[in-house]
Amino acid sequence: MVIAIDGPAGAGKSTVAKAVAQSLGFKHLDTGGMYRIVALAAVRSGLGPVEAAGSIRIDAGPPLLMDGEDPGDAIRTPEVTAMASKVAGDVAVRELLVRRQQEILAEGDWVAEGRDICQVVAPDAEVRVWLTADETERAKRRANQTGESVEEVLVAQRLRDTADEGHGRSTLEAPEGALVVDTTGLSPDEVVAEIRALANRLRD
Ligand code: DC
């Protein structure tokens with residue numbers, strides 16, 4: 001079974017996807033992490049996005065591996081985050097990674113998170129969820145993690161949400177037919193319970 005989770009930055013995708021996977025005994029696929037690994041390879045090598053993507057091997061894990069090693073927080077730096085948004089706008093890189101993601105998801109039980117999972121990578125997933133939250137709440141969550149001001153995060157978040165649209169990505173709007181879960185004011189546990197209940201209903 002595949003549970004597909006889309007949504008904008010700060011909606012809680014990663015926390016929720018990991019927790020749903022753990023509670024159901026599924027594996028977790030962080031597709032944003034795959035774009036980040038390509039970005040890290042580009043930053044380190046100075047190669048262009050497609051060449052960088054072709055120069056490394058990504059294993060699904062979890063954890064995601066870059067040439068057999070866990071890149072850890074090296075893929076979460078501001079420089080790599082900015083480069084990830086750039087490489088994710090490259091059509092050839094997207095084709096490569098979407099194909100790899102589809103191969104990975106073809107076997108076993110997965111919770112896959114990203115921006116294009118519901119529409120492009122796994123349109124036939126048994127469970128398709130679009131997680132969202134009020135933009136100020138999303139910015140507050142990020143500001144709490146990074147120590148930046150909410151205003152600063154809001155500006156960067158708007159830019160990133162716009163940059164991360166297109167190519168079948170549902171950053172700003174829900175994909176058709178997906179269950180919309182607004183996480184504003186909800187605890188991660190409440191969101192996880194809602195998705196689990198849906199998955200369990202479909203499995204019965
Ligand atoms: O979710 P994230 O911040 O880790 O994603 C990193 C970048 O990759 C971000 O700019 C959005 C982009 N991305 C994408 O275009 N498609 C995906 N399936 C996942 C992420």
Side-chain angles (χ1 to χ4, degrees), residues 2-21 28-43 49-50 52-53 56 58 60-66 70-105 110-123 125 128-133 135 138-139 141-143 145-146 148 153-175 178 183:
V2 173
I3 299 179
I5 302 184
D6 285 13
K13 284 193 305 293
S14 292
T15 310
V16 167
K18 273 186 210 146
V20 171
H28 167 235
L29 182 64
D30 170 13
T31 63
M34 295 174 75
Y35 288 95
R36 287 172 179 275
I37 284 178
V38 172
L40 178 61
V43 166
V50 190
I56 41 132
I58 301 177
L64 281 176
L65 300 178
M66 172 177 178
D70 181 355
D73 286 341
I75 59 169
R76 311 268 160 209
T77 64
E79 186 186 13
V80 172
T81 299
M83 181 63 89
S85 195
K86 198 169 149 204
V87 305
D90 187 297
V91 178
V93 172
R94 297 201 73 79
E95 268 177 22
L96 261 175
L97 290 192
V98 167
R99 209 176 317 130
R100 181 86 187 92
Q101 289 153 13
Q102 289 174 332
E103 280 166 16
I104 293 165
L105 298 178
W110 290 92
V111 180
E113 54 149 310
R115 305 275 198 294
D116 60 346
I117 308 301
C118 287
Q119 301 200 89
V120 178
V121 177
R128 296 162 72 243
V129 177
W130 192 65
L131 276 195
T132 187
E135 72 166 358
R138 295 196 278 125
R141 289 177 188 165
R142 177 131 317 194
Q145 285 169 353
T146 64
E148 296 161 282
V153 177
L154 254 179
V155 172
Q157 183 175 276
R158 279 187 192 142
L159 288 173
R160 201 154 150 240
D161 281 350
T162 313
D164 289 340
E165 265 292 292
H167 306 292
R169 292 176 290 182
S170 30
T171 298
L172 301 172
E173 270 181 42
T183 68

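Remember, it's 1-based here, ligands and their atoms both numbered in the order they're listed. Reckoned from all heavy atoms, side chains included, excluding hydrogens, waters and symmetry mates.
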For residues His167 and Val98, determine if any side-chain heavy atom of one lies less than 4.5 Å from a side-chain heavy atom of the other.
no
For atom 5 (O) of ligand 1, tell me which residue out of Gly166, Pro8, Gly32 has the closest non-hydrogen atom.
Gly32
Are Ile37 and Met34 close enough that some pair of their side-chain heavy atoms sits under 4.5 Å apart?
no
Please check whether Asp116 reaches ligand 1 - meaning an N/O of the residue sits under 3.5 Å from an N/O of the ligand, judged on distance alone.
yes
Select one of side chain, backbone, both or neither to describe which atoms of His167 lie under 4.0 Å from any atom of ligand 1, heavy atoms only.
neither
May I ask you to test the Thr81-Arg160 pair for a side-chain heavy-atom distance under 4.5 Å?
yes
Under a 4.0 Å heavy-atom limit, does Met34 contact ligand 1 with its side chain, its backbone, both, or neither?
neither
Which of the ligand 1 atoms, numbered from 1, are nearer than 4.0 Å to a heavy atom of Ala88
8 (O), 12 (C), 15 (O)
Between Asp164 and ligand 1, does any nitrogen or oxygen pair lie at a separation below 3.5 Å?
yes
Atoms of ligand 1, numbered as shown, that sit under 4.0 Å from any heavy atom of Ser85:
10 (O)
Below the 3.5 angstrom mark, is there an N/O of Arg36, backbone or side chain, next to an N/O of ligand 1?
yes
Enumerated ligand 1 atoms positioned under 4.0 Å from heavy atoms of Thr31
17 (C), 18 (N), 19 (C)
May I ask you to identify the nearest protein heavy atom to atom 7 (C) of ligand 1, giving residue, atom name and distance to one decimal place in Å?
Ala84 CB, 4.0 Å
Looking at every non-hydrogen atom in both residues, tell me the closest pair between Trp110 and Ala60 and how far apart they are.
CH2-CB, 4.0 Å
So do Ile58 and Leu97 actually touch side chain to side chain, heavy atoms under 4.5 Å?
yes
Among pairs that include at least one residue of residues 30-40, which meet salt bridge (Lys or Arg N to Asp or Glu O under 4.0 Å), considering only residues two or more places apart or in two chains?
Asp30-Arg76
Short N or O distance, Arg94 and ligand 1, threshold 3.5 Å exclusive:
yes
Which protein non-hydrogen atom lies closest to atom 8 (O) of ligand 1, naming both residue and atom, and how far is it?
Tyr35 CB, 3.6 Å
Test item: Lys13 and Ile117 side chains (from C-beta on) under 4.5 Å apart, heavy atoms:
no
Does some side-chain heavy atom of His28 sit less than 4.5 Å from a side-chain heavy atom of Glu113?
yes
Mind checking whether Arg160 has a heavy atom under 4.0 Å from ligand 1?
yes
Which one of Arg76, Arg169, Arg115 has a non-hydrogen atom at the shortest distance from atom 15 (O) of ligand 1?
Arg169
Set of side-chain hydrogen bond (donor to acceptor under 3.5 Å, both in side chains) partners for Thr31, sequence neighbours left out
none
